[in-house]
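We name chains A, B, ... by the order of the sequence lines, and we start the count at 1 in each one. The figures here come from the full heavy-atom set of this structure, side chains too, leaving out hydrogens, waters and symmetry mates.
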2 protein chains.
Amino acid sequence: MGTTGEGEGNRIEAVVKALDILEALWQAEGAGVTELTERTGLAKSTVHAHLTTLRSKGYVVQDGDEYRLSLRLLSFGEHVKHAEPLYAASDAPIADLSERVGERVFCSTHQNGLGTVINVSEGTRSFTSDIDVGTHTYLHSSAGGKAMLAHLPEERVDEIIDQWGLPAFTDETITDREVLFDELATIRDEGVTYNRGEYLPGISAIGAPILGNDGTVFGAVTVAGPHHRLENEWEEHDLRTQLLSTANTIEVNMMFS
Amino acid sequence: MGTTGEGEGNRIEAVVKALDILEALWQAEGAGVTELTERTGLAKSTVHAHLTTLRSKGYVVQDGDEYRLSLRLLSFGEHVKHAEPLYAASDAPIADLSERVGERVFCSTHQNGLGTVINVSEGTRSFTSDIDVGTHTYLHSSAGGKAMLAHLPEERVDEIIDQWGLPAFTDETITDREVLFDELATIRDEGVTYNRGEYLPGISAIGAPILGNDGTVFGAVTVAGPHHRLENEWEEHDLRTQLLSTANTIEVNMMFS
DNA sequence: TAAAACTGTTCCGCTCTGCTGAACGTCGTT
DNA sequence: AACGACGTTCAGCAGAGCGGAACAGTTTTA
């Protein structure tokens with residue numbers, strides 16, 4: 001996932017460097033000073049000074065010659081999760097849906113033009129994947145993401161494309177602006193989106209938006225699974241109706257919070 | 001909870017300030033520039049510059065005149081949670097225990113001389129409390145914390161007391177070094193710890209350590225609930241045995257990870 | 001056994017940058 | 001219309017962050 005975001009002129013370099021180090025530490029799942037100098041391109045002494053600072057504030061722990069992210073970050077994560085109304089509102093509904101269909105169901109929202117998974121309910125037959133709570137996704141390449149894009153103002157969609165582009169993950173990924181806008185139009189008619197291997201080969205998904213009274217998008221619900229299995233489900237159990245029902249339940253929950 | 005940690009001489013001030021702002025933003029659950037200047041004691045323009053930096057890196061979002069922590073922090077939180085072997089190892093066992101006893105069960109670990117709750121399983125009769133995943137606790141005032149202290153080297157316990165002190169939360173909190181060490185000795189005999197309103201009035205808890213083969217402590221399991229209810233449970237269902245069994249299950253799980 | 005090649009850590013000086021206080025623009029209120 | 005609150009911008013000085021090199025360990029190599 002892209003690291004920068006925007007240019008935005010006057011940033012405090014020291015803070016940017018500290019955050020770069022945290023991100024590198026995250027990717028590396030723990031690393032030594034030298035490894036971090038390679039990953040960040042900073043001087044060894046600079047990395048060291050930052051690590052000392054981060055450790056003294058409790059965000060990093062030192063374990064012999066290895067530095068790792070500390071559990072301090074957990075409280076931030078839990079905080080933002082619970083601060084997001086969708087988290088509580090989606091908890092029961094997605095658990096219910098995943099139990100009925102047996103597949104993985106997740107609820108995501110958008111921020112800064114990217115999607116973030118904020119709640120996951122495993123199905124009994126869930127495949128293993130790298131999608132978990134906290135995962136960031138591009139909006140154009142996921143079912144839930146497209147469902148959200150379809151209900152954002154068109155100029156906002158343009159901004160997002162300008163900022164993040166339309167990178168391809170598989171041969172099926174939509175990379176053309178016009179094609180995307182066409183699909184968004186049909187989504188608004190049908191109420192749900194499909195994703196057929198546009199992000200991961202062989203993995204399909206169905207997504208529905210979660211809307212407020214005034215039409216603003218709060219997020220999306222997505223059911224994901226292996227391509228063939230989902231196609232069957234879709235016929236047998238009328239997945240579309242169940243998904244819309246779940247989304248609607250979440251919408252109602254959102255009104256009382 | 002204390003914010004600093006240690007003196008540690010040469011810290012990068014800009015980074016310290018950025019983290020202070022993040023922490024203030026966390027406490028305030030979103031705030032404007034002016035509120036943050038009051039909370040942090042920094043100049044308004046300084047706060048603004050930091051917020052711009054944090055926003056450009058995606059850690060903070062701006063919503064009109066209010067800044068909030070972004071969902072970006074969620075990926076960090078989930079990362080450290082899953083990087084901690086205790087998380088996966090405790091998931092099933094504590095769910096099982098909380099189902100049987102009906103009370104809230106949580107699993108915590110220690111880092112930097114503080115406890116952190118890394119997994120919670122709600123019981124059917126759980127009371128509402130501010131203890132949740134990510135919550136930091138002082139080790140001397142919680143059942144699980146004392147269970148962990150009891151199996152740390154004595155000099156390490158001294159260090160921790162020197163660093164964090166023995167602050168009192170209720171009249172029952174242990175504030176005397178000798179008393180604490182006496183209690184730690186009896187804990188090692190009995191295998192479990194009790195907490196009778198030492199952190200929250202009227203709330204009791206029972207904790208057991210999670211130990212490795214070589215005797216090192218990985219963490220602790222704790223059952224918490226209203227005082228009178230827990231006393232009954234304790235008699236009826238022999239909570240101590242069930243708790244030790246759960247702790248042991250987690251210890252076994254830890255060996256295969 | 002010695003030395004070479006790694007680590008993480010410290011030191012010091014230069015330059016650049018982060019900090020501040022004040023001024024600006026823009027809302028909502030009185 | 002004047003006021004007060006907010007977030008934002010500006011400019012200049014002092015201090016602090018940065019990097020290169022030297023230090024102190026530990027493991028690997030000859």
Is it true that A:S90 and A:N119 share a donor-acceptor pair across their side chains at a distance under 3.5 Å? yes
To the nearest Å, how far apart are [X] [atom1] and [N] [atom2]?
X	N	atom1	atom2	result
A:L54	C:dG8	CG	P	16 Å
A:L51	D:dG17	CG	P	15 Å
A:E35	C:dC6	CD	C1'	14 Å
A:D20	D:dG17	CG	C1'	15 Å
B:R11	D:dC18	CZ	P	15 Å
A:D63	C:dT7	CG	P	18 Å

N-O pairing of [X] and [Y] below 4.0 Å:
X	Y	value
A:R68	B:E84	no
B:D162	B:R177	yes
B:E183	B:R188	no
B:E13	B:K17	no

For [N], take OP1 and OP2 only and decide whether either is under 4.0 Å from a side-chain N or O of [X].
X	N	answer
A:Y67	C:dT7	no
A:Q62	C:dT7	no
B:H48	D:dG7	no

Expected string for nucleotides 19-28 of chain C under the B/S/- scheme (protein heavy atoms, under 4.0 Å, primed atoms plus P, OP1, OP2 as sugar-phosphate) is SBB-------
Is there a donor-acceptor contact under 3.5 Å from the side chain of A:D176 to the main chain of A:E178? yes
If you take the centroid of each ring, where Trp contributes its six-membered ring, are B:Y199 and B:Y138 closer together than 6.0 Å? no
Helix axis bend for the helix from C:dT1-D:dA30 to C:dC27-D:dG4 - C1'-based end axes, five pairs, 10° rounding: 30°
Can you sort out the partners of B:T222 under side chain to side chain donor-acceptor pair (under 3.5 Å), two or more places apart, ordered by chain and number? none
Using side chain to side chain contact (heavy atoms under 4.5 Å, CB included), reason through B:E23 and A:R72 one step at a time and then give a plain yes or no. CA-CA 11 Å; B:E23 286 168 22; A:R72 182 86 186 249; 3.4 Å; yes
